[in-house]
Amino acid sequence: MKPVRGAIASPNIWQHTATYEIENTAADPDGRLWSAMESRADWTGATVLDLGCGTGFHLPLFAQRAGRVVGVEPHQGLVGLARRRLTARGVGNAVVLPGTAQEIPLPDASVDVAHARWAYFFGRGCEPGLAELARVMRPGGTALVIDNDGSRSTFGAWFRRGYPHLDPPAETERFWTLRGWTLDRVDMGWRFASREDLAAVVRIEFNPATAEEILRHHEGLEVDYAVNLWSRTF
């Protein structure tokens with residue numbers, strides 16, 4: 001199925017949905033990122049927006065405490081998978097809508113907590129999405145944006161090598177800071193069940209030459225992986 005107009009193609013989950021499920025399962029094995037998010041926002045009884053929700057991996061987790069959860073996803077095929085996940089899990093307080101970060105299908109001032117994880121927000125160039133986010137956030141609501149920290153960790157070094165066209169980490173940090181966002185640095189980590197799973201995920205995240213170089217030099221099932229958690233209260 002075609003994505004919603006205006007969507008920016010995702011090179012991993014759009015083409016490798018099953019492998020990305022493995023990646024989601026391996027990420028944050030000790031709950032450090034979730035703990036950092038909970039220290040910045042309380043979604044108990046709240047309306048939560050998961051922007052770029054993909055297959056809806058995180059929707060049931062938010063729905064355990066939230067009053068209402070809305071997943072927004074530009075890829076129609078992933079919208080269907082996310083809806084099926086909610087049905088299979090019996091999650092009755094969550095819905096999934098087609099839409100993009102720059103055209104969120106929600107009314108003004110209707111969201112208490114917004115969550116965007118590797119979904120559009122990478123610094124310079126995401127201004128239309130940030131303006132739209134400001135429109136849908138309630139006064140006092142909090143937005144959480146998770147991005148790769150290219151300044152440190154094993155994965156950060158891989159990220160710099162694999163995506164040299166992106167702004168340097170210092171420039172990206174400056175972008176968010178100037179717009180009033182607060183940074184929490186989180187050592188999230190990856191932990192895989194098998195070497196095959198790790199290799200499959202590395203190969204959807206990096207070009208073939210970079211992926212094979214990574215796999216030649218990295219042993220084991222775990223990866224030191226640092227992320228930036230950006231938060232802002234509106």
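Atom-to-atom distance recorded for Trp43:CH2 and Glu38:CD is 4.5 Å, nearest 0.5 angstrom. Summarising the geometry, atom CZ belonging to Phe192 is positioned 10.5 Å from atom CD belonging to Glu222; distances are rounded to the nearest 0.5 Å. Atom CD of Gln64 is separated from atom OG1 of Thr44 by 11.0 Å, given to the nearest 0.5 angstrom. Atoms CD1 and OH, on Ile204 and Tyr20 in that order, are 7.5 Å from each other to the nearest 0.5 Å. Thr182 OG1 to Asp184 CG: the interatomic distance, rounded to the nearest 0.5 Å, is 7.5 Å. In this structure, the separation between CE on Met137 and CG on Asp108 is 13.0 Å, given to the nearest 0.5 Å.
The list of side chain to side chain donor-acceptor pair (under 3.5 Å) pairs with a residue in residues 86-95, not counting sequence neighbours, is empty.
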**Report entry** salt bridge (charged side-chain N to carboxylate O under 4.0 Å, His left out) between Glu219 and Arg195, intermediate numbers included
**Finding:** CA-CA 9 Å; Glu219 300 179 353; Arg195 183 69 181 180; over 6 Å; no
Requested in this report: Give the intermediate values and the outcome of salt bridge (charged side-chain N to carboxylate O under 4.0 Å, His left out) for residues Arg117 and Asp50.
Outcome: CA-CA 8 Å; Arg117 186 177 302 215; Asp50 190 359; over 6 Å; no
Query raised in the report: After noting the C-alpha distance and the side-chain angles of Asp167 and Phe175, does the key distance pass the side chain to side chain contact (heavy atoms under 4.5 Å, CB included) rule?
Result: CA-CA 10 Å; Asp167 287 343; Phe175 173 92; over 6 Å; no
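Although no hydrogens or angles enter the test, the distance criterion places no donor-acceptor pair under 3.5 Å between the side chain of Glu173 and the main chain of Glu171. At least one donor-acceptor pair closer than 3.5 Å links the side chain of Glu73 to the backbone N or O of Gly54. Judged purely by atom type and a 3.5 angstrom limit, Asp28 uses its side chain to pair as donor or acceptor with the backbone of Leu33. Within the 3.5 Å criterion, the main-chain N or O of Ile104 finds a donor-acceptor partner in the side chain of Glu132. The backbone N or O of Leu106 sits less than 3.5 Å from a side-chain atom of Arg135, completing a donor-acceptor pair.
Using a 4.5 Å heavy-atom threshold, the side chains of Val145 and Trp181 count as touching. Looking only at side-chain heavy atoms (C-beta outward), Val202 and Thr210 stay at 4.5 Å or farther from each other. By the 4.5 Å heavy-atom criterion applied to side chains, His58 and Cys53 are not counted as neighbours. Residues Arg203 and Thr19 have side chains not in contact (no heavy-atom distance under 4.5 Å, counting atoms from C-beta outward). Met37 has its side chain within reach of Ile146: a pair of non-hydrogen atoms, C-beta onward, lies under 4.5 Å apart. Using a 4.5 Å heavy-atom threshold, the side chains of Leu59 and Leu86 count as touching. A heavy-atom distance below 4.5 Å is not found between the side chains of Glu23 and His16. Counting heavy atoms from C-beta on, the side chains of Leu78 and Thr17 come closer than 4.5 Å.
Here the shortest heavy-atom pairing between Val96 and Ala82 reads CG2-CB, 3.8 Å. Taking both residues in full, the closest heavy atoms of Ala193 and Leu221 are given as O-CD1, 4.0 Å, listed atom of the first, atom of the second, then distance. Phe57 and Pro60 get closest at one heavy-atom pair: O-CD, 3.7 Å. When all heavy atoms are compared, the tightest approach of Gly189 to Pro29 is O-CD, 3.5 Å. Shortest non-hydrogen contact noted between Val95 and Arg68 is CG2-NH2, 4.2 Å. The minimum heavy-atom distance linking Val186 with Ala36 is given by the pair CG2-CB, 3.8 Å.
Ring-plane geometry between Phe159 and Phe155 is classed as parallel, the angle between the planes falling under 30 degrees on a 0 to 90 degree scale with a further cut at 60.
Applying side chain to side chain donor-acceptor pair (under 3.5 Å) to Thr55 and the options Arg85, Arg83, Arg84 leaves one that passes, Arg85. Exactly one residue among Asp30, Asp224, Asp197 makes a salt bridge (Lys or Arg N to Asp or Glu O under 4.0 Å) with Arg191. That residue is Asp30.
Within 6.0 Å of CZ in Arg161 there are more than 12 heavy atoms belonging to other residues, nucleotides or ligands.
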Hey, can you pull the donor-acceptor pairs under 3.5 Å for the side chains in residues 225-234, sequence neighbours left out?
unit_1: Tyr225; atom_1: OH; unit_2: Asn148; atom_2: OD1; d: 2.5
unit_1: Thr233; atom_1: OG1; unit_2: Thr142; atom_2: OG1; d: 3.2

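Under the side chain to side chain contact (heavy atoms under 4.5 Å, CB included) criterion, Pro105 pairs with Val72, Leu97, not counting sequence neighbours.
Here the two rings, on His218 and Trp158, have centers that are under 6.0 Å apart. Checked against the 6.0 Å centroid threshold, Phe62 and Trp34 count as a close aromatic pair.
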